[in-house]
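Per chain, numbering begins at 1; letters A, B, ... match sequence-line order.
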Amino acid sequence: MERIPTKNDDLSEWYNAVCYRAELVSQAPVRGCLVLRPYGYGLWERLQSELDRRFKETGHENAYFPLLIPESLLTKEAEHVEGFAPEVLWVTEGGTETLPERLAIRPTSEVVIGVMYAEWIQSYRDLPVLINQWANVMRWEKRTRPFLRTAEFLWQEGHTAHATEQEAAEEVARMLEVYREVAEDVCAVPVYKGEKSVSERFAGANHTFSIEALMPDGKALQSATSHELGQNFARAYDIKYLSEDQSEQYCWTTSWGMSWRMLGGLIMTHGDDRGLRIPPKMAPTEVVIVPIPRGDTTALYEAARALYAECKAAGLRVKLDERPGQSPGYKFNEWDMRGVPIRIEIGNRDLEAGVATLVRRDKAVKEDGQKQAVPLGEVVSRIPEILEQIQQNLFAQAKAFLTEHTFSTTDRDEFVRLCTERAGMVDVPWCGRPECEAAVKEATGASTRNLREPALYDRCTACGEPARYQAYFAQSY
RNA sequence: CGGGAUGUAGCUCAGCUUGGUAGAGCGCUUGCUUUGGGAGCAAGAAGUCGCAGGUUCAAAUCCUGUCAUCCCGACCA
């Protein structure tokens, strides 16, 4: 395996190289699409299981809806269609027949699911409906990059229907918090929570909330969104119920989603010049055991296999690398590239001393604490605590970066400079006007990432009008 | 969609200016020696030079067209 470009020199090249060299993905023979290799899929499965567990805990069930949406249905919610029209892929033929009506490949599933909800929901007793779907969707993106923006991507989309606006709002807040928790506590990627501005929000939503992470190049990454759809989709798709007082009411619906883009955020946030550094909770393999053969290896392999069995029994995601063809040094580098949090080296030298050498991926080579000798009998019991330390350490490093690259200002010149230079998250009081946001974007390339209330100062830093929000401005992926 | 670049072995690329038998490193296969941060030696397998036309005795190389990919922008909840 060849070396990769350094992360600081060229983040973009480094990022691509890591994705391919760590065998997360391969380039597909289709424009803008990604092949997820087993190791990449392993990462996705970790994210899936962490999210899915939380969805179940908050009362949701999984279901599956069709990939294709008839054009006549898609066009019912005007804002929604308008927002997605430029990116929709259309199916026009089936076999040798031209289809009587074009079918859209779903860019998101509000429409199909809305149609079904209209059928399923009759009474206030049917509410709330709390459904999640694991799916692929397609958006014809002009420019693609692994995980961060691909034509086809994997995600989950929750779709719920409620009797009242307040219930819907609570649902949206609850799921946003689930996303924050998964981003920060599982992926170790710190984020800012807030509401999207009018021009940044989901097409067809009344309110969109997001979590936003900051990448090493100072660009923000929208990592998940949660939408209050009001009664817009209910009216367009006729999602109605008879209430307790016998009046007919439209439902209040929500949708929320996180995609494999989160994995891209994780990769960029934690990776270093040796490759990936995967937070233990997300690692498909938490521990890899590398035996170091020399001379008589009978006892060595026996000990390595015993250790492997012991890890397995303790419920760890563990691999034993017994490949005979590669040198230990090669294996060290390869597992570093793949970001496995803990490596256990065991050779005759260790065996004679009755120890194994534990190596932490979050530390640099030869950094204090990177390697430690642990008595063989204590190895497995020590691992959980070290994994936890690595998890915490990666989050702390990322959090420090976010904090150091978040700038608060009320000075317009400084604001413009910070935005233009891609300094990071620029936190300013803001008026909330779309014209103001458009002007900032025109001048600096940055837009609001998300907002929170109230404003901490009277005047909008960008235009001087009365401020309504505190806004994070940044350029974005 | 605008600007730039690139398509030659699994990967990274040289060869093209000045047309003349298809190259290197890494990887892969076999064997021996090795193995604590990317091992050594030896032998071997592997490419219709992105695709289509044209010029020529002869095209990876020159010309035209076309497709694809990457980078930077615009666009993108």
Using both distances under 3.5 Å as the test, list the Watson-Crick or G-U wobble partner of rG25(B), or none. rC11(B)
Nucleotide opposite rA68(B) in a Watson-Crick or G-U pair, distances under 3.5 Å: rU6(B)
Nearest to the side chain of S476(A), which nucleotide is it out of rA39(B), rC76(B), rC1(B)? rC76(B)
Please state the C1' separation for the pair rC28(B) and rC71(B) - nearest whole angstrom. 31 Å
Listed pairs, N/O of protein and of nucleotides 65-69 of chain B, under 3.5 Å:
residue: rU69(B); atom: OP1; partner: R31(A); partner atom: N; Å: 3.1

Test of understanding: with salt bridge (charged side-chain N to carboxylate O under 4.0 Å, His left out), list the residues that count as partners of E228(A), not counting sequence neighbours. none
With sequence neighbours excluded, residues passing side-chain contact (heavy atoms from CB on, under 4.5 Å) with A63(A): F65(A), I131(A)
What's R343(A) touching, base or sugar-phosphate or nothing? Going by heavy atoms closer than 4.0 Å. base
Strand-adjacent residues in residues 129-137 of chain A, judged by heavy atoms under 4.0 Å from RNA chain B: none
In Watson-Crick or G-U wobble terms, both distances under 3.5 Å, what is the partner of rC76(B)? none
What pairs with V91(A) under side-chain contact (heavy atoms from CB on, under 4.5 Å), at least two apart in sequence or on another chain? L68(A), L99(A), L103(A), I105(A)
Of the nucleotides rG37(B), rC76(B), rC70(B), which has the atom closest to the N16(A) side chain? rC70(B)
rU61(B): pairing nucleotide in any strand, Watson-Crick or G-U under 3.5 angstrom: none
Distance-only polar pair, side chains of T144(A) and R31(A), donor-acceptor under 3.5 Å: no
Any base atoms under 4.0 Å from E87(A), or only sugar-phosphate, or nothing? Heavy atoms, all strands. sugar-phosphate
Both distances below 3.5 Å, Watson-Crick or wobble geometry, any strand: find the nucleotide opposite rU56(B). none
Taking the side chain of V365(A) as its heavy atoms from C-beta onward, which of rA74(B), rG36(B), rG37(B) lies nearest to it? rG37(B)
With both distances kept under 3.5 Å, what pairs with rC32(B), Watson-Crick or G-U wobble? rG40(B)
Keeping to residues at least two apart or across chains, list the salt bridge (charged side-chain N to carboxylate O under 4.0 Å, His left out) pairs with something in residues 422-436 of chain A. D427(A)-R452(A), R433(A)-E435(A)
Base, sugar-phosphate or nothing for R201(A)? Non-hydrogen atoms, less than 4.0 Å. sugar-phosphate
Between S12(A) and T225(A), the residue closer to the 5' end of RNA chain B by nearest nucleotide is S12(A)
Sugar-phosphate only, base, or nothing, as touched by W14(A) at under 4.0 Å among non-hydrogen atoms: nothing
